[in-house]
Amino acid sequence: MPDLNDATRGRILYGGDYNPEQWPEETWTEDVRLMRQAGVTSVTVGVFSWARLEPAPGAYDFGWLDRLLDLLHGAGIGVVLATPTASPPPWLGHRHPETLPQAENGTTVWYGSRNQFCASSPTYRRHAAAITEQLAARYGAHPALTMWHVNNEYGTHCWCDETAAHFRRWLQDRHGTLEELNSAWGTAFWSQHYAEWDEILPPRQAQYIRNPAQLLDFARFTSDALLECYTAEHAILARHSPAVPVTTNHMPFWRGQDGWAWAQQQDVVALDIYPDPDNALGAQHGALVQDLARSLAGGPWMLMEQATGAVNWRPVNRPKPAGLNRLWSLQAVARGADAICFFQWRQSRQGAEKFHSAMLPHSGTGNRVYREAAALGADLDRLGPHVSGTPVTAETALLHDWDAWWASEQPGRPSELLDYQENVTAWHRALWEANHTTDLAHPAADLTRYRLVVIPSLYLLTDTALDNLAHYVRTGGTLVTGYFTGVADHQDRIRPGGVDARLREVLGLAAVHQWWPLNEGETLRCTGTEDFHGTLWAEELETAGAETLARYADGELAGLPAVTRHGYGRGTAWYLSTRPEPDALRALLTRAAREAGLHPAAEQLPAGVEAVRRGELLFLLNHGPQQASCELPGHWEDLLTGTPGTGSITLERHGAAVLRPATP
Ligand code: GAL
Ligand code: ZN
């Protein structure tokens, strides 16, 4: 199978989405000249070009794309060619309304924007396959082609009748018989028993709380239905050009797709990242989703889209201050990206995204944003040969699973404040601030190469995952498990005893008598070998062998264990029944890491300086509000400036250094 290296060939790809159908062809010549000036090596073309390529059913117009690809190739710019299937032209919805998605309440989602397709519609799939076949046959051997990009940010859900029929087929595959399905969904409750397959529907708008197991299966189904659309196009492209890698871009930490399943079908994992430049923790959001992309890819990945400045879809859209775009781009390289791209090359003058930033802004090459984009192109050109294809090694893993996410966010749960993504973000932040590079891993994955494994909260854990965790600790691993974990099985049935018995044995716990979720803003003082305030959640816990490191000091739970540690086999298992405030969570995880024999990527750095090791290189990234001076052992050379150094290095605000060990 081809992979990202086939496209990068020892460089970091640099560029972005290019939507030239918005401009007269004279502009293309200027675009290509400025792209070269800015160091652009790769553009993604055709993402939203369906109506232009096939203006009427079966009538194709490829002339403009022929000329464009030749022009780009002549300039030495590689093309990531997209199938345009994310945005069907109006004629498809007009002639075939059954291709349009329907919302939970049965209303139609019309054309007039984008992404209006039903993944289960055979008509949509037939038309998508036809245009893909045309593109693959025509451009599969074009010398400009470096990669295929299927669709764009798959994310459309549908509840229509066609989807209902497809959902039933999917359920028959999963459950076999109707009896099994009734048992898996617990339909004995509230008179939901199904007597015939045809009675089963996607979980449409209903009177009160909907069946959680049905919601869970529908989330799984929708991810699979969209994946079928992806793999159908992938197969067509691979048939015409087997040596060209195929990708699709994911939204960051996106709930709608099971990333672990999708990544197995992609030659290249590609991600879109849009942290809010106005958010002090924007860099941490970047680090988290970059760690996820690297983990899904199992190696280098592609940053398909980011913004040079403001986006246009937040209530208030702030630009990036000088230097921030470069800093966040280098952060992605540090965390494994081998392609740094933007949405989009030239800022639109019309349409829904005319206020979204671009590499070439409305005011042209004199704009700071363009000058910075060109300087970044030069930086990446310099770094490319040193980093491209090299691994980032992490000794810590944070366990993450879409099944657990879907199951945990059901209605009718103990606390809506326990938000899966927010909780993962809080735990990742603690490790990020301590400069412990962290992979994300599936709970059933081989964990033996990690010294430390943390679970922010995994409500649902399969038998395989639980056995895997027990094996990991028994054979010497350190596991830190958070609240509300191991509660449900693969079908969202509560485990006997409320928390799985295997997990309780590993953790040295007798029982969790009650969940005690905390109110917004409420904290609980905890004291012991660690003193801190718990937030979000608490539990009425009884140990059986575990040592209590901190107890609840006040309130209903006073005197009961809050944080425990238990030796199990050759390893250690910690349990946190509450979420310590950010500094305390960092302190606790730092302690567990130290006891597990782990060291951060660099020691003693000023707050706000991120350190990541990629191959033999040390990336230092200053996210703090001012200049920072870092003490470093040994001799090094900064690859960004070409200067050698020893002792300390000063990073400006938004400054970065990429250090290679050197001999004096
Ligand atoms: C992405 C999308 C792009 C563009 C961008 C704006 O979700 O793939 O086409 O819309 O957002 O931020
Ligand atoms: Zn549908």
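Quick note: residue numbers are just sequence positions, from 1. Both counts, for ligands and for their atoms, begin at 1 and track the order of listing.
- Applying the ring pair (Phe, Tyr, Trp, His ring centres under 6.0 Å) rule to pairs touching residues 96-126 yields His96-His127, Phe117-Tyr124, sequence neighbours excluded.
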Output side-chain donor-acceptor pairs under 3.5 Å for residues 323-330, partner residues at least two apart or in another chain, one line each.
| from | atom 1 | to | atom 2 | distance (Å) |
| --- | --- | --- | --- | --- |
| Arg326 | NE | Asp379 | OD2 | 2.7 |
| Ser329 | OG | Gln306 | NE2 | 3.0 |
| Ser329 | OG | Asn325 | O | 2.7 |

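- Tyr60 is linked by a ring pair (Phe, Tyr, Trp, His ring centres under 6.0 Å) to Phe62, counting only residues two or more places apart in sequence or in another chain.
- Here the angle centred on the Zn ion (ligand 2), running from SG of Cys158 over to SG of Cys118, is 120°, rounded to 10°.
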Show me the short polar-atom pairs for ligand 1: any N or O of it lying under 3.5 Å from a protein N or O, with distances only.
| from | atom 1 | to | atom 2 | distance (Å) |
| --- | --- | --- | --- | --- |
| ligand 1 | 7 (O) | Glu153 | OE1 | 2.4 |
| ligand 1 | 7 (O) | Glu153 | OE2 | 2.9 |
| ligand 1 | 8 (O) | Asn152 | ND2 | 2.7 |
| ligand 1 | 8 (O) | Glu153 | OE1 | 3.4 |
| ligand 1 | 8 (O) | Glu305 | OE1 | 3.1 |
| ligand 1 | 8 (O) | Glu305 | OE2 | 2.7 |
| ligand 1 | 9 (O) | Arg114 | NH1 | 3.1 |
| ligand 1 | 10 (O) | Arg114 | NH1 | 2.9 |
| ligand 1 | 10 (O) | Arg114 | NH2 | 3.3 |
| ligand 1 | 10 (O) | Glu353 | OE1 | 3.2 |
| ligand 1 | 10 (O) | Glu353 | OE2 | 2.4 |
| ligand 1 | 12 (O) | Trp313 | NE1 | 2.8 |
| ligand 1 | 12 (O) | His356 | NE2 | 2.7 |

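- Aromatic rings of Trp406 and Tyr420 (six-membered ring for Trp) have centroids beyond the 6.0 Å cut-off, not under it.
- Surrounding NE2 of His94 are at most 12 heavy atoms belonging to other residues, nucleotides or ligands under 6.0 Å away.
- Side-chain contact between Met147 and Leu13 is present, with at least one heavy-atom pair separated by less than 4.5 Å.
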